[in-house]
Protein chains: 2
Amino acid sequence: MATDRTDRTAPGRLSASRLRVVVPSVAERVADELRLQLAEGALVPGARLTESTIAEDLGVSRNTVREAFAELASERLVVRHPNRGVFVASLGAEDIHDVYTVRRAIEVSALRAGGSPEDVAAVRAAVEEGKRAAAAGDDEAGGTANQHFHGAIVAMAKSQRLNTIMAQVLAEMRLFFHKATADALFYQRYLPDNEAICEALEAGQLDRAADLLLAYLDRSEDNLTEVHGDDGGADAG
Amino acid sequence: MATDRTDRTAPGRLSASRLRVVVPSVAERVADELRLQLAEGALVPGARLTESTIAEDLGVSRNTVREAFAELASERLVVRHPNRGVFVASLGAEDIHDVYTVRRAIEVSALRAGGSPEDVAAVRAAVEEGKRAAAAGDDEAGGTANQHFHGAIVAMAKSQRLNTIMAQVLAEMRLFFHKATADALFYQRYLPDNEAICEALEAGQLDRAADLLLAYLDRSEDNLTEVHGDDGGADAG
DNA sequence: ATCGAAGGATTGTTGAACAATCGCTGGTTT
DNA sequence: AAACCAGCGATTGTTCAACAATCCTTCGAT
């Protein structure tokens with residue numbers, strides 16, 4: 001019988017069996033490129049993505065761009081308005097709450113279950129990474145470290161699907177954070193929280209760590225909702 | 001606010017100004033059709049889906065089928081093997097554990113947060129639906145009722161993203177359950193659990209309801225892993 | 001000024017075409 | 001006989017060109 005290797009496409013990094021150079025399809029590379037521009041803020045929320053423009057710009061066919069759009073739409077990074085085009089997703093207040101509902105479910109669950117010493121060490125490493133970024137005054141690195149921290153928490157669950165979901169949620173948030181990061185100290189305020197959560201985790205106090213994380217998420221959501229106040233996301237779902 | 005300017009002339013034309021009649025695109029309809037065949041078990045795990053065959057079969061273009069494939073792949077219902085084709089996903093033991101990890105995170109979180117009386121009523125309705133199905137000896141309806149039950153629990157969180165994730169997870173499980181449903185009594189064993197969870201929820205004992213749900217999920221996972229053990233899975237080659 | 005009708009642009013979908021790749025068949029070698 | 005290698009057929013990946021459908025805008029009529 002042909003036992004299929006778990007050869008997922010989305011993470012797609014496990015080319016263990018064959019020496020075959022894993023060359024992503026053109027559509028995936030287009031999606032990667034757009035995802036990058038989205039993360040860098042080169043494409044602002046609400047911006048329109050014209051098929052022909054991107055196709056010509058990247059030297060690919062319209063159909064390929066279309067496939068890339070489908071991928072990004074499934075990740076909620078763009079939204080399709082039928083017969084009108086695709087637009088960079090712009091999150092409204094209810095979307096923020098929604099995203100944090102997902103984060104509360106996933107992160108708290110992973111934290112409550114705990115993890116191996118290596119997993120905990122990864123969380124600790126992310127905390128220290130954040131400290132170094134703060135000391136260097138690099139808020140971009142601070143944001144990355146913060147995402148590493150929460151990613152490491154979810155990674156404790158050792159679930160591919162949970163990791164994928166978390167990665168998508170973090171990508172959605174990154175899309176939104178470009179407004180918030182105007183405040184260079186935005187992430188620094190969360191450093192003590194991360195430190196406290198990590199300490200509780202290291203001490204094996206899982207329930208306490210979970211409570212701290214919940215409080216952190218609630219506060220973070222409030223902060224983000226507040227920042228969001230000035231601009232209304234005019235996006236009808 | 002609603003500028004109604006229709007219904008006087010243009011006999012054959014549908015007014016789609018505000019009352020947007022959502023007509024799914026062809027690609028979506030193809031995806032729906034395939035999703036249906038997947039749910040019905042017409043397409044067994046490991047089966048190959050040839051683009052040209054499906055295109056010809058449904059009377060659409062290959063490109064459209066391709067878009068539908070992308071959608072299904074993002075839902076993990078099919079897997080793409082580069083240059084080889086797409087195959088109906090076949091879940092292994094680790095996938096079952098993975099799926100249940102997601103369910104534990106999402107369902108327990110939603111249950112712990114509780115819901116409005118209407119939400120609880122929806123959960124109760126799903127329990128009663130299951131009872132009726134059991135009384136009628138309809139295991140297909142029993143499975144549907146069971147999914148309604150868990151869907152209603154997640155719906156309490158009022159999160160679009162969580163609902164989407166849960167729907168996809170349930171679709172993945174349905175893909176797998178066609179082996180398990182050979183046992184007509186498969187769902188009946190869960191009826192007392194659902195009843196107990198619902199009662200705790202109605203009584204406002206959220207922590208107790210969450211504990212019951214956790215125990216249920218663990219037991220369900222064990223049962224499913226056991227069923228999976230005897231069969232190595234449909235081979236694709 | 002408001003309303004309705006052409007115009008232009010973009011998306012949705014199709015069909016055909018071609019290169020790249022995979023699995024298989026069949027012959028060759030040891 | 002078993003293993004290896006080349007060639008063949010089939011399918012996927014990608015592009016291109018075309019057309020219908022739909023939307024937004026502009027212009028003209030009332």
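Letters A, B, ... are given to chains in the order of the sequence lines, protein chains preceding strands, and every chain is numbered from 1. Values reported hereafter were calculated over all heavy atoms of this structure, with side chains retained and with hydrogens, waters and symmetry mates removed.
- One can place CG of L49(B) at 14 Å from C1' of dT12(D), the figure rounded to the nearest angstrom.
- Straight-line distance from the CD1 atom of I54(A) to the P atom of dT10(C): 13 Å, rounded to whole Å.
- In this entry the distance linking CD of E51(B) with C1' of dT14(C) reads 15 Å, nearest Å.
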**Request:** Kindly indicate, with the supporting measurements, whether the criterion salt bridge (Lys or Arg N to Asp or Glu O under 4.0 Å) is fulfilled by D218(A) and R104(A).
**Result:** CA-CA 9 Å; D218(A) 288 343; R104(A) 270 186 283 268; 2.6 Å; yes
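- Which of dC22(C), dT13(C), dT14(D) sits closest to the side chain of T64(A) comes down to dT14(D).
- A side-chain donor from one of Y190(A) and N223(A) sits under 3.5 Å from a side-chain acceptor of the other.
- Comparing V26(A) and R84(A) along DNA chain D, the residue whose closest nucleotide (by nearest heavy atom) sits nearer the 5' end is V26(A).
- For a distance-only test at 3.5 Å, the side chain of R80(B) fails to qualify as a donor-acceptor partner of the base of dG13(D).
- With distances taken from any side-chain atom of R66(B) to the nucleotides dG23(C), dT11(C), dT14(D), the minimum falls on dT14(D).
- The base of dG12(C) sits with one of its N or O atoms less than 3.5 Å from a complementary donor or acceptor on the side chain of R62(A).
- Ranking dA16(C), dT13(C), dG12(C) by closeness to the N63(B) side chain, first place goes to dA16(C).
- Summarising the geometry, the separation between CD on E67(A) and P on dT13(C) is reported as 14 Å, rounded to the nearest angstrom.
- Rounding to whole angstrom units, CG of residue N83(B) and C1' of dT21(C) are separated by 5 Å.
- We find that NE2 of H81(B) is positioned 16 Å from C1' of dG13(D), with the value rounded to whole Å.
- Atom CG of L58(A) is separated from atom P of dT14(D) by 14 Å (rounded to the nearest Å).
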**Item:** Intermediate values then yes/no, salt bridge (Lys or Arg N to Asp or Glu O under 4.0 Å), R132(B) and D138(B)
**Value:** CA-CA 9 Å; R132(B) 284 195 304 274; D138(B) 188 347; over 6 Å; no
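- Cation-pi geometry between R103(A) and Y100(A) is met: under 6.0 angstrom from the ring centre, within 45 degrees of the axis.
- Checking G85(B) against G59(A), the closest nucleotide of DNA chain D that is more toward the 5' end is the one next to G85(B).
- To the nearest angstrom, P of dT25(D) lies 10 Å from CZ of R48(A).
- For the pair R219(B) and Y216(B), the cation-pi test (distance below 6.0 Å, angle within 45°) is failed.
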